[in-house]
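Notes to accompany the following structure.
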Amino acid sequence: MSETAQAAAAVKAPAPDSNRWKALTFIALAQLMVVLDATIVNIALPSAQHDLGISDGNRQWVITAYALAFGGLLLFGGRIADLWGRRNTFVTGLIGFAAASALGGAAQNEVMLLGSRALQGVFGALLAPAALSLLAVMFTDAKERAKAFGIYGAIAGGGGAVGLILGGFLTEYLNWRWTFFVNIPFAIVAALGAYFVIREPAGSRNRSPLDIPGVVLSTLGLVSLVYGFTRAESEGWGDALTIGLFVASALLLATFVFVESKVKAPLLPLRVITERNRGGVYLSLGLAIIAMFGLFLFLTYYLQIVKGYSPVKTGFAFLPMIAGMITGSTQIGARLMTRVPARLLMGPGFLVAALGMLLLTQLEIGSSYAALLLPAMLLLGLGMGSAFMPAMSLATLGVEPRDSGVASAMVNTSQQVGGAIGTALLNTIAASATTSYVADHIGAAASGPQQQLVQLKGMVEGYTSAIWFAVGILVAAAGIAFTLINAGRPDMSSVSGEDAEEELKVPVVAH
C-alpha cells in the first residue's frame, strides 16, 4: 500500500470509539456464555433426563433443538444485525437468551426443556453474529484488532472446555437446573454494559429490504444439513430420512446460491464468500471444528468412563487445553498477526494441533494423564489458539461495514456445521471400530470382569480410530490455509472498506 493510499485510508477511517475496550469486555462475556452453553448442558444431561423422565430416544433433542435453531438461523441473524443495528440485535439476543435460560432452568417437563433449548438457539443466532461484527466495525487499527481478536479467539476456542468445568461443578454440587440459570447473570451484565457502552460507527447499517426467499432457503437448507448429520449419528448413514435430509439440503442450498446471485439485495452477498481468503478461512475453520468437537466428546467419555473421573475432575483435566488456547491466541497469534501473513499462523497452528491429536492416537486404558494427555492437550490448545485468532480477524477484515453481520454469521455457521459433522462423523467411526473390536475379542473373555475389560478396550479402540481421522482432517485444514489464504501481513495503519479489501488481495512487503 502506497503512502498516498495509506493517507487516504486514514482520512476515510472514522475515529476509534473511546469505549471500544470496555465494549470488548461485554462482547467477550456474551461470547463466553454462548460458547460454554454448547458443552455445559452435556454434563448435566443425564441428571435432567432422569428428573424430567425424558426417554433415551428423545434425550438427544436437548442438544439437537439448540443446534438446529442456532445453525439454521445464523445467516438470518447476521442480516438482522446489519439491518437493525448490531448493538440493538446484540442486546435483544442477550435478553432473549436469558429468558430462554430461565425457562429451561424452571422446566417441569420434556416439552418445556426442549422448547427453551430451541429458544436459546434462536436468540443465540441473533447474538453470535452481532458480537463478532461489532468487533469488526469497532476495531480497525491492525495492532488493536490483533489484541481484540486474540481475546475473542481464545474465548471462542476455550469456552467449550470452560463449559465442561462449570457444568461439572454445577451438576455435582448444586443441580442440573443451574447450568441454565448461570446464563442469566452473564446475559444481564453483558446487556446492560452493551447498552450503555457500545456505540456503532455511523453509516455501517445495511438498510436494503430483507431477502425473504434467501431467509427461507438458507434456514431450511442449514436445518436439513445439521439435522441430517445429527440423525446420522443416531440412526446411521443409510437411514432413508438421513439421506433425504442431505439431498434436500443440497438442493435448498444450491437454490439459495442461485437466488443470491440474482436478487438485488441478497441475504448473503456472494462477494462475502467468494473472496479467496475468507473462503479459505470458512473452510479451514469448519474442518478444524470437526476435529475439535469430536475430541471434546471422546476425551470426556474416556476420562469419566474409562478412567473413572468425576465431572469436576474431568473439567479440570481440560485446563491445559484452555491455557494453551489462551496463550496461542493472545501471546502468539495476537503478537505475530501484524508481522507475518495469516497463512503462516493458521497453517502451522493446525499442524501443531494435529501433532497433539496424533499423540492421542496412542491412548490406552492405563495411559498416564501427565505423560500423554497433558502434552497432547497443551499442543492442541496452542495450535488451535494460534490458528483461531487470525482466522476470526481475517474472516471479517476487508468486508464492507454493511456486510459485517453476514460475514460474521458465516464464521459461526462454519463452526456450527463443523460441530454437527464432527460429532456425527467421528462418533460413527468410533462406534464402528468399538463394535468390531468387541465382536473379535469378547469370545475369548470367560468371566464378567474380563468381558468388561474387553468392552473398555473396545471403547478406547473406537476413540483412537476416530482420532486418526481427526488428525487427517486437521492436516487438510492446514493444507487449505497454506493454499487458499494469500493475504499479506496487515498494514500497521487502520483498515476499512475498500482499502481493507485491497489489503487482503495484495501481500504487503515490509518497508
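Everything numeric here is computed off the predicted structure, so don't read it as measured data.
With ring centers used as reference points, Tyr302 lies 6.0 Å or more from Phe298. Two rings, from Phe26 and Tyr195, have their centers 6.0 Å or more apart.
When side chains are defined from C-beta on, Leu174 does not count as touching Phe181, because their heavy atoms never get closer than 4.5 Å. Two residues are said to be in side-chain contact when any heavy atoms from C-beta on lie closer than 4.5 Å; Leu220 and Phe256 fail this criterion. Using a 4.5 Å cut-off on side-chain heavy atoms (C-beta onward), Leu268 and Ser218 make no contact. Between Val259 and Leu267 there is no side-chain heavy-atom pair separated by less than 4.5 Å. Contact of the Val182 side chain with the Phe186 side chain is registered, since non-hydrogen atoms from C-beta on lie closer than 4.5 Å. Residues Phe388 and Met325 form no side-chain contact, since every pair of their non-hydrogen atoms from C-beta on lies 4.5 Å or further apart. Within the 4.5 Å cutoff, the side chain of Met384 has heavy atoms near those of the Leu474 side chain. Residues Arg86 and Met138 form no side-chain contact, since every pair of their non-hydrogen atoms from C-beta on lies 4.5 Å or further apart.
For the atom pair CZ of Arg20 and CG of Leu134, the computed distance is 14.5 Å after rounding to the nearest 0.5 Å. The distance from atom CG of Asn88 to atom CD1 of Ile80, rounded to the nearest 0.5 Å, is 11.5 Å. Taking CD1 of Ile54 as the reference point, atom CD of Glu110 lies at 5.0 Å (rounded to 0.5 Å). Of the inter-residue distances, the one linking Ser386 atom OG with Arg335 atom CZ reads 12.5 Å to the nearest 0.5 angstrom. If you take CG on Leu126 and CG on Leu94, they are separated by 10.0 Å, rounding to the nearest 0.5 Å. Note that the CG atom of Leu103 and the CD atom of Gln108 stand 10.0 Å from one another [nearest 0.5 Å].
No donor-acceptor pair closer than 3.5 Å links the side chain of Arg117 to the backbone N or O of Tyr66. No donor-acceptor pair under 3.5 Å is formed between the side chain of Ser284 and the backbone N or O of Ala477.
The shortest non-hydrogen separation linking Thr428 to Ala232 is OG1-O, 4.3 Å. Nearest approach of Ser249 to Leu225, heavy atoms of both residues: OG-CB, 3.2 Å. Leu345 and Gly333 get closest at one heavy-atom pair: CD1-O, 3.9 Å. Minimum heavy-atom separation, Ala342 to Leu394: CB-CD2, 3.8 Å. In terms of heavy atoms, Leu484 sits closest to Arg276 at O-NE, 2.7 Å. Summarising the geometry of Val272 relative to Val406, their closest heavy-atom pair is CG2-CG2, 4.3 Å, with the distance given to 0.1 Å.
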CA sep, side-chain torsions, deciding dist, call: Thr327, Leu378, side chain to side chain contact (heavy atoms under 4.5 Å, CB included):
CA-CA 10 Å; Thr327 303; Leu378 283 171; over 6 Å; no
I would like to know whether Phe70 and Val226 meet side chain to side chain contact (heavy atoms under 4.5 Å, CB included); could you show each step before the answer?
CA-CA 10 Å; Phe70 187 72; Val226 173; over 6 Å; no
Verify side chain to side chain contact (heavy atoms under 4.5 Å, CB included) between Arg278 and Val281, making sure each step is shown before the conclusion.
CA-CA 5 Å; Arg278 281 193 289 275; Val281 166; 5.5 Å; no
Apply side chain to side chain contact (heavy atoms under 4.5 Å, CB included) to the pair Leu52 and Asn109, showing each step before the final yes or no.
CA-CA 5 Å; Leu52 300 181; Asn109 53 52; 5.7 Å; no
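Applying the side-chain hydrogen bond (donor to acceptor under 3.5 Å, both in side chains) rule to Asn183 yields the partners Asp37, Ser101; only residues at least two apart in sequence or on another chain are considered. Under the rule for a side-chain hydrogen bond (donor to acceptor under 3.5 Å, both in side chains), Thr92 has no partner lying at least two apart in sequence or in another chain.
Among Asp211, Val215, Val216, the one residue that satisfies the side-chain contact (heavy atoms from CB on, under 4.5 Å) test with Pro213 is Asp211.
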